[in-house]
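Below: the structure, in structure tokens.
As the structure lists them, so they are numbered: ligands from 1, and atoms in each ligand from 1. FYI, the numbering just counts along the sequence from 1.
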Amino acid sequence: MSRPSWTPEWKALEDLAQQQGALHLKDLCLDRQRFDLFSWRSGALFLDLSKQRLTQETLPALFKLARAQKLEQAIQALLSGAPINTSEQRPALHTALRLPADAELWVEGENVNLAIQASLEKMAQLVERLHQGQWRGVTGHPITDVVNLGVGGSDLGPLMVTHALAEWRPEDIAPLHLHFASTMDGSQLAERLQLLNPETTLFIISSKSFSTIDTLTNAATAKHWLVQHLGQEALVLKQHFIGVSAKAEKMSAWGIDPQHQLTFWDWVGGRYSLWSCIGLPIALQIGMAGFRALLAGAHQMDQHLAQAPLESNLPVLLALAGIWNINFLGMSAQAILPYDGRLKYLPAYLSQLEMESNGKSTTQEGELVDYATCPILWGELGPNAQHAFYQLLHQGTEAVQCDFIAPIRRYEQIRDPQARHYFQGQHRLALANCLAQSRLLMLGDAAVPDQHTQRDAHLFYRGNQPSSTLLLDELTPSSLGQLLALYEHKVFVQASIWGINPFDQWGVELGKKIALSTEQALLGQTQMAFDPSTEGLLALCLSSDPLQGTH
Ligand SMILES: O=P(O)(O)OC[C@H]1O[C@](O)(CO)[C@@H](O)[C@@H]1O
């Protein structure tokens, strides 16, 4: 495939950007048709791009670029299980994980859905035992607390969804509290262990590779804590650990009972794995029925991706708006701004999804790109960010594209009418702020005509910051599944247009290797020469290491 930047379609977009670069959003939105022209619905999601700096010429030109880059064929290759992760010679089949139970997907002579359904079944049995209070620790007490030990995709997805859907916890299950510990320095685990009872605590060691040092170090500390309090190492391993990984042999070598191992496949990328048994904490939180509803929502979006024409295909539209901003309007930052506290961990999850997937600078053909790829993506709950970094969005020097995300309806399940009244009032306030902020970012101080009488420069809002608004009818397992699959596919569409592989992450490997040799130096076990800066810092750490001599 030719580089996108060498195609006539790219050149046409550059010309368009030259002609339209000076257009301000406040002028574009004089067109009363704009909302109808630039908004679309799929299932429970409504996407509004009318606050993007798009015109009626821009989108068709972007569709031409997408077609020139063979986007439709790329989507087909993704969904059919073609080996599109070329640097690791395998498919990226997270979409297979959410197929309906009776669907078939044949990849290299095997219907992969059989193994997927069997894995879900084993997961359901473990969930059932814990929900019924039948899983007991070594002293015979039922498990009440489950700690997920994992990092990256083995932490961020389950953490985010578990938090987002906490209200969907079935009422008729045994009390079960979920906790997450990811950081290698042990701070989260140390804090948790102080509050937990070893007799009633179960750990999930969640690691696709089962070789991630962060997770294995936390797991070793957890095992030591249990054995210290309960003795009986063999029983502790059996009764207090579940393993989730693509490497069954490594779980067995660590000591996890095969009955308590859940396995998945190399063709599920870590950051795309919440749909697999890595999603065990989600199923523990919302039950298997809720977990299956999440999968079904994602499948609905997969079908939309496969079937909708590019012109009304939500992931394609979201991706193309991003391509326009990044490659033709020169924006290198993107903010994720949910206006719902339940989506607190969505920005961190999307940071991994987008930046680990598309933070690349070589094409699939091994050439250096001569265009920008993934922007720096960060975010925070919108209402909190208003009191933190929105100042930069409104008056800083950076152009930032923003994604505003909110449910339309909330708190309908609260039975007490008075409490419902107060909470729905709070949600209305959040929605009002969401719409007001995107409007102000678009229009600048033209949003408030009186402001024009102010001449002081420090009061000036320039506006023209583009944003997308994503409204969910309400936040449910299904709508969240649709939203997450939307972003997964947006990432894939952008990667396809940029000609990069979104499914590998070689850029994180070297850091892991050199951390090992650096740890050797901190243990005083290497004569290896470092650079002067690192040597200076190592010397400082070594001179005050309380563990020196005890290793
Ligand atoms: O599940 P694992 O194998 O422990 O990996 C955790 C994370 O580490 C990474 O490989 C990056 O180091 C991520 O891609 C992955 O989600």
Side-chain angles (χ1 to χ4, degrees), residues 84-88 90-94 97 119 123 147-162 180-186 188-189 203-223 241-254 256 261-282 345-360 374 377 484 487-488 491-492 495 500-519:
I84 54 174
N85 178 357
T86 45
S87 72
E88 296 171 315
R90 59 191 186 213
L93 262 180
H94 44 283
L97 299 169
S119 167
M123 180 169 158
V147 187
N148 189 77
L149 304 176
V151 71
S154 301
D155 170 67
L156 289 167
L159 171 69
M160 181 266 298
V161 177
T162 303
F180 290 82
S182 57
T183 60
M184 63 169 73
D185 71 307
Q188 293 163 325
L189 188 59
F203 292 89
I204 303 172
I205 309 180
S206 191
S207 172
K208 176 182 170 184
S209 60
F210 220 79
S211 59
T212 304
I213 193 111
D214 320 44
T215 302
L216 293 183
T217 307
N218 274 328
T221 302
K223 180 176 143 194
F241 285 97
I242 291 178
V244 182
S245 178
K247 305 287 176 207
E249 68 294 347
K250 289 190 182 171
M251 290 195 274
S252 297
W254 198 87
I256 293 178
Q261 296 178 9
L262 293 173
T263 50
F264 62 108
W265 307 272
D266 276 336
W267 42 254
V268 182
R271 53 194 171 276
Y272 300 87
S273 65
L274 71 87
W275 321 101
S276 72
C277 46
I278 288 285
L280 176 63
I282 302 170
Y345 295 109
L346 183 67
Y349 165 82
L350 289 181
S351 300
Q352 185 199 16
L353 177 66
E354 299 232 7
M355 294 201 280
E356 201 175 63
S357 296
N358 283 349
K360 312 277 166 69
C374 187
L377 188 129
L484 301 181
Y487 272 101
E488 284 182 350
V491 166
F492 177 72
I500 59 176
N501 179 358
F503 299 118
D504 61 11
Q505 59 284 323
W506 296 102
V508 298
E509 293 308 319
L510 205 50
K512 294 180 191 172
K513 275 196 200 131
I514 70 165
L516 288 179
S517 52
T518 314
E519 194 191 9

Exercise. Could an N or O of ligand 1 be found under 3.5 Å from any N or O of Gly153, whether backbone or side chain?
Worked result: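 Yes, Gly153 has an N/O under 3.5 Å of an N/O on ligand 1.
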
For this session: Return the residue, atom name and 0.1 Å-rounded distance of the protein heavy atom closest to atom 3 (O) of ligand 1.
Result: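 Checked against all protein heavy atoms, atom 3 (O) of ligand 1 sits closest to Ser209 OG, 2.6 Å.
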
Exercise. What protein heavy atom sits nearest atom 6 (C) of ligand 1, and how far off is it?
Worked result: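 Result for atom 6 (C) of ligand 1: Val151 O, 3.2 Å.
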
Per-atom contacts, ligand 1 versus [X] - under 4.0 Å to a heavy atom:
X	answer
Val508	11 (C), 12 (O)
Gly152	16 (O)
Lys512	10 (O), 11 (C), 12 (O)

Exercise. Side chains of Gln261 and Ser245: donor-acceptor distance under 3.5 Å anywhere?
Worked result: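 Result is no, nothing qualifies.
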
Exercise. Are any of the side-chain heavy atoms of Asp266 and Lys247 separated by less than 4.5 Å?
Worked result: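 When only atoms from C-beta onward are counted, Lys247 and Asp266 do touch, with a gap below 4.5 Å.
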
Exercise. Does Glu356 offer a backbone N or O that forms a donor-acceptor pair with the side chain of Gln505 under 3.5 Å?
Worked result: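 Absent.
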
Exercise. Within the side chain of Lys208, is there an N or O that forms a donor-acceptor pair under 3.5 Å with the backbone of Val268?
Worked result: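 Yes, Lys208 side chain to Val268 backbone: donor-acceptor pair under 3.5 Å.
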
Problem set entry | Options Glu356, Lys247, Lys208, Glu509, ranked by nearest heavy atom to atom 9 (C) of ligand 1, top entry |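 The residue whose heavy atom sits nearest atom 9 (C) of ligand 1 is Glu356.
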
Exercise. For atom 2 (P) of ligand 1, which of Thr212, Leu149, Ile205 has the closest heavy atom?
Worked result: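 Ranked by closest heavy atom to atom 2 (P) of ligand 1, first place is Thr212.
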
For this session: Mind telling me whether Phe503 and His94 have parallel, tilted or perpendicular rings, with 30° and 60° as the class edges?
Result: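 Correct class here is tilted.
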
Problem set entry | Gap between atom CG of Asn218 and atom OG of Ser206 - 0.5 Å precision |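 Output value for this atom pair is 12.0 Å.
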
